[in-house]
Amino acid sequence: MAQRRSLAVPCRAPLLAISFLACVATGLELSVNNHAADFTLSTDLVPGISLSCLVHNSSQAEELVWYRGDGQVGLKDGNKVNVSNICISPLNESDNGVTFTCRLARDKSVKVSVILDVQFPPLVSGEETLQVEEGKDVTLTCNSKANPQAQSSWYKDSQRLTLQQSHHELYQTSEVFRLSISEAQKSDNGTYTCVVQSPLGNGTRDFHLVVEDKKPVFPKEAVIAAVVVVTLTIFFGIVARIEKIFKVW
């Protein structure tokens, strides 16, 4: 697979952006990693990346502020004036899609935003062992996170699962892959494997399905009817003998 070119900058060697930008109302411009406008930064799961924000055309000291999403990033005093660097480390899957914005402190309309596109192979999870009573429905849920988006397939006992109409049903979103089995039978016992494939690699998760014997249904109605019959029999028996009982007393 061809190597992807990444715009990520190593934390140890931050890149100071140098570019000619169009003037704005304040007469000042910003750039982040050589970009004068909002951009997307694609990167793998490297140990860390650096973002460097630079003020252009300034005739005085200008303070810079950084935001991660809507929250302001804390900066040291020596990292605020005219040039400001932030290091995102360690870089992980939760950083994918996060926006970092550098703004001019005295005019926050002057800004450049960076959207992180963190690419990583599938991370798969889900409940490993499931038990279901024979004749009941059961659903195997395979949770997966991946960038780029992955595709899934199901195997049973190391063989690709043959889907049966009205017995198996598949459901898939970008992060959830479900296999539903209607009215599970003993033949459904086994190990099901969720295989998630993406250009960066594959992820798997095994699900052990145990179909238990059908439990006998407790005959509530029959028991209640028997109790009523016995109670009425005793009651009428007492009534029939009430005269003899009074004579004894």
Margin query: What I want to find out is whether D188 reaches K156 closely enough, with some N-O distance under 4.0 Å, to be called a salt bridge.
Written below: no
Contact check, side chains of D44 and F120, non-hydrogen atoms, under 4.5 Å:
no
Distance-only donor-acceptor check, side chains E62 and Q60, under 3.5 Å:
yes
Checking I88, V32, T101 against V114 for side-chain contact (heavy atoms from CB on, under 4.5 Å), the one that qualifies is V32
Closest non-hydrogen contact found for F207 with E127 is CD2-O, 2.8 Å
- Expected output: side-chain S84 to main-chain N79 donor-acceptor under 3.5 Å: yes
Inset, instruction - Would you confirm whether R205, through its side chain, and G126, through its main-chain N or O, come within 3.5 Å as a donor-acceptor pair? - result: yes
Closer than 3.5 angstrom, by distance alone: can the side chain of K215 be matched with the main-chain N or O of E133 as a donor-acceptor pair?
no
query = Are the charged groups of R178 and E169 less than 4.0 angstrom apart, N to O?
reply = no
Checklist line | Any side-chain heavy-atom pair of N147 and D117 under 4.5 Å | finding: yes
Step through the shown structure and confirm whether more than 12 heavy atoms of other residues, nucleotides or ligands are within 6.0 Å of NZ on K186. yes
Heavy-atom closest pair (A150 atom, Q172 atom, distance to 0.1 Å) is O-NE2, 4.1 Å
Smallest heavy-atom separation, A61 atom then V81 atom, equals CB-CG1, 3.5 Å
- Any chance you could lay out the side chain to side chain contact (heavy atoms under 4.5 Å, CB included) test for V65 and L75, step after step, and finish with the verdict? CA-CA 8 Å; V65 291; L75 300 173; 5.5 Å; no
- Task: Would you indicate whether the side-chain heavy atoms of C53 and W66 approach each other to under 4.5 Å?
- Result: yes
field: Other residues, nucleotides, ligands: >12 heavy atoms within 6.0 Å of D70 CG
entry: no
Any donor and acceptor pair, going by atom type alone, linking the side chain of H56 with main-chain N or O of L30 inside 3.5 Å?
-> no
What one should report as the nearest heavy-atom pair of S180 and T139 is OG-OG1, 3.1 Å
L170 and L179, any side-chain heavy atoms less than 4.5 Å apart | yes
Separation between CG (L45) and CG (L91), nearest 0.5 Å, reads 6.0 Å
**Asked** Would you say the side-chain atoms of E29 and N57 include a donor-acceptor pair closer than 3.5 Å?
**Response** yes
Between G201 and P122, the two heavy atoms sitting closest are O-CD, 3.3 Å
Taken to the nearest 0.5 Å, the spacing of Q185 CD from K214 NZ works out to 7.5 Å
Practice problem: Check the pair C142, W154 against side chain to side chain contact (heavy atoms under 4.5 Å, CB included), reporting the backbone distance first and the verdict last. | Solution: CA-CA 10 Å; C142 180; W154 285 92; 4.0 Å; yes
Can you check whether V132 reaches L209 side chain to side chain, under 4.5 Å on heavy atoms? yes
Fill in: 4.5 Å side-chain heavy-atom contact, N189 and V210
yes
Side-chain heavy atoms of V110 within contact of V55, under 4.5 Å: no
**Asked** Do the side chains of L41 and L51 get nearer than 4.5 Å, heavy atoms only?
**Response** yes
For S52 and N85, which I'm curious about, is there any donor-acceptor pair between the side chains at under 3.5 Å? yes
Rounded to the nearest 0.5 Å, the CG atom of N202 sits from the OG atom of S152 at a distance of 11.5 Å
Exactly one of S198, P199, S174 clears side-chain contact (heavy atoms from CB on, under 4.5 Å) with Q149, and that residue is S174
Heavy atoms of L130 and L140 approach each other most closely as CD1-CG, 4.3 Å
| query | Judged by atom type as modelled, is there a donor-acceptor pair below 3.5 Å linking the side chain of D95 to the main-chain atoms of S89? | reply | no
Value for CD (E175) from CG (N143), rounded to nearest 0.5 Å, stands at 8.5 Å
For H208 and T191, does a side-chain donor sit closer than 3.5 Å to a side-chain acceptor?
yes
Check: Is there a donor-acceptor contact under 3.5 Å from the side chain of D107 to the main chain of S109?
Finding: yes
>> With a 3.5 Å distance limit and no angle check, can you tell me whether D137 reaches the backbone of E183 through a side-chain donor-acceptor pair?
In response: yes
**OP:** For Y155 and L161, run side chain to side chain contact (heavy atoms under 4.5 Å, CB included): C-alpha distance rounded to whole Å, both residues' side-chain angles, the deciding distance at 0.1 Å, then the answer.
**Re:** CA-CA 5 Å; Y155 288 75; L161 179 64; 5.8 Å; no
(message) Less than 3.5 Å apart, any donor N or O on the side chain of T204 or T193 sitting next to an acceptor on the other?
(response) no
Exercise for review: Report the C-alpha distance between D206 and Y192 in whole Å, list the side-chain angles of each, state the deciding distance to 0.1 Å, and finish with yes or no for side chain to side chain contact (heavy atoms under 4.5 Å, CB included).
Suggested key: CA-CA 6 Å; D206 287 339; Y192 293 78; over 6 Å; no
